[in-house]
Amino acid sequence: MPAKTYSRFAALVLAASVVCPAMATVTFSPFVASTGGSPIGFAYAGNKFVGSNYFNNQLYQTDLSGASVAAFGAPLPIGSGSIGEVYVSSSLGLGGFGARDVFAGSEAAGTVYKFNNDGTGQVAFATGLIGGVRSIAFDPYGLYGNDMIVATSAGRIYRITSLGVVTQLASTGEDTEGLSFAPQAFGPVPSGTLVVASEGSGSLRAVAPDGSLTPITTIASAEMVSFVPLNLGVSGNPLEGFYAANYSVNVIKSPYTDFTSYLGDMIVTGEVTHQVWDVSWNGSSFVSSLIGTFPNQPEDGIFVTAAILNPGCERTNTCGGGSVPEPGSLTLLGLGLLGLAGTRRALHRS
């Protein structure tokens, strides 16, 4: 994307965003009753969900109904006394990555580990990152070469190819955790652009392919950021919706119908506040609207959509309706959502 596009964006963004009255439209219900610990990470891996628990280096998996909780793969080779939060994501089958392999990393180390979809074959996939791993996501639109994007506690944002080649994309200068990609032009933010969140300052920034940073808005203790997919809900499949770790109790789900009014918008959660915010563009500025509250502390979350349940359906115009596909054909756009950590993080983040 030409740098001048982002310069124009920077000139358009207003110093203060508009804040609208609360609209409590997002509701939640239990999805995984117990993860065997305090849930942190949660990712869709095609034929299963894979998650992580706080200060636990053993990942777990569930079936597509959130049941049958079991260990996934071997424990990460990091001492449990320092592992802290573990971030989990699943590849999309783009950019040379396999479909639905699982990747995980700890905030205690600058290494991303790869697992086969069945949990076998754990390897250190990318090493030498500056700062601990704070989030992992895959570019679904191609603006960043369909690479893996990783953010760290040192504020470094990396592009990592399917061969594990690491290149620094940008640096925010502060702990950065939330990652997501705009599915369409988001006001002056070009389609496909990476957006990151930093909870310390509450800053949300657009990251251009050339690494330049442009502020979007500020949400108190912003940690998880996720754009609502444009095709959310078109299939009518009940598997569609938003799933998130509800620290330290369970994993919860919000039905896709709660988000159909916000297609293309940015959803942000606050670590300290537990609030859920919708950020939209009104033609001249970004508008922030409070749309819900997590029952506990929100952590990693994902949207499951029609185009992901039926890969390629957008090209053949078959996303709407139809039966639920076989689990092996299910795929998810793992848009990294945020997390809340509240007082528990003060203990290990001084």
Side-chain angles (χ1 to χ4, degrees), residues 1-14 17 89 92 94-95 134-152 155-161 167-174 176-198 201-219 222-232 259 262-269 277-288 301-303 305 307-308 314 333-338:
M1 185 65 61
K4 63 182 181 181
T5 301
Y6 287 86
S7 298
R8 185 163 61 249
F9 165 38
L12 287 171
V13 175
L14 301 182
S17 61
S89 190
L92 305 173
L94 302 173
R134 297 292 278 147
S135 55
I136 304 170
F138 290 85
D139 168 24
Y141 304 120
L143 199 58
Y144 307 83
N146 297 124
D147 287 347
M148 173 193 290
I149 305 294
V150 177
T152 75
R156 306 298 177 96
I157 302 168
Y158 294 98
R159 288 178 59 168
I160 303 175
T161 71
T167 303
Q168 182 171 310
L169 172 63
S171 178
T172 64
E174 61 176 325
T176 299
E177 187 169 351
L179 298 177
S180 193
F181 301 86
Q184 63 180 358
F186 186 54
V189 178
S191 176
T193 298
L194 171 68
V195 174
V196 302
S198 295
S201 64
S203 297
L204 291 136
R205 303 175 174 99
V207 184
D210 65 3
S212 59
L213 302 173
T214 305
I216 294 178
T217 190
T218 299
I219 298 290
E223 186 168 348
M224 182 185 78
V225 55
S226 186
F227 281 91
V228 181
L230 300 178
N231 51 36
L232 184 67
F259 290 94
Y262 309 117
L263 301 183
D265 288 0
M266 186 170 66
I267 304 299
V268 182
T269 60
W277 290 84
D278 169 73
V279 180
S280 61
W281 177 256
N282 69 2
S284 61
S285 62
F286 289 104
V287 178
S288 301
I302 51 176
F303 279 104
T305 73
I308 288 160
E314 289 178 305
L333 182 55
L335 303 176
L337 236 137
L338 22 50

Please report the closest heavy-atom contact between [X] and [Y], naming both atoms and the distance.
X	Y	value
Ala206	Thr193	CB-CG2, 4.0 Å
Ser212	Asp210	OG-OD1, 2.7 Å
Phe286	Pro188	CZ-CD, 4.1 Å
Ala222	Val268	CB-CG1, 3.7 Å
Ala182	Pro190	CB-O, 4.3 Å
Ser89	Ala137	OG-CA, 4.1 Å

Q: Start with the C-alpha distance between Arg205 and Val195, add both sets of side-chain angles, then the distance that settles side-chain contact (heavy atoms from CB on, under 4.5 Å), and finish with yes or no.
A: CA-CA 6 Å; Arg205 303 175 174 99; Val195 174; over 6 Å; no
How long is the gap from [atom1] on [X] to [atom2] on [Y], to the nearest 0.5 Å?
X	Y	atom1	atom2	value
Asp265	Leu230	CG	CG	10.0 Å
Asp278	Phe259	CG	CZ	9.0 Å
Arg156	Leu169	CZ	CG	12.5 Å
Ser191	Phe181	OG	CZ	12.0 Å
Glu223	Thr176	CD	OG1	11.0 Å
Ile216	Leu204	CD1	CG	6.5 Å

Q: Please find out if less than 6.0 Å separates the ring center of Phe227 from that of Phe303.
A: no
Q: Please report the C-alpha distance between Thr172 and Ser203 in whole Å, then the side-chain angles of each, then the deciding distance to 0.1 Å, and finally whether the side-chain contact (heavy atoms from CB on, under 4.5 Å) criterion is met.
A: CA-CA 10 Å; Thr172 64; Ser203 297; over 6 Å; no
Q.
Checking Leu94 against Phe138 for the side-chain contact (heavy atoms from CB on, under 4.5 Å) test, could you report, in this order, the C-alpha distance in whole Å, the side-chain angles of both residues, the deciding distance, and whether it holds?
A. CA-CA 9 Å; Leu94 302 173; Phe138 290 85; over 6 Å; no
Q. So, Ser135 side chain and Glu177 main chain: donor-acceptor pair closer than 3.5 Å or not?
A. yes
Q) Can any side-chain N or O of Thr217 pair as donor or acceptor with the backbone N or O of Pro215 at less than 3.5 Å? A) no
Q | Side-chain heavy-atom pair Leu232, Tyr262 within 4.5 angstrom cut-off | A | no
Q) Which is it for Asn282 and Ser280 under the side-chain hydrogen bond (donor to acceptor under 3.5 Å, both in side chains) test, yes or no, and what are the steps along the way? A) CA-CA 7 Å; Asn282 69 2; Ser280 61; over 6 Å; no
Q: List the steps, then state whether side-chain contact (heavy atoms from CB on, under 4.5 Å) holds for Leu194 with Asp139.
A: CA-CA 8 Å; Leu194 171 68; Asp139 168 24; over 6 Å; no
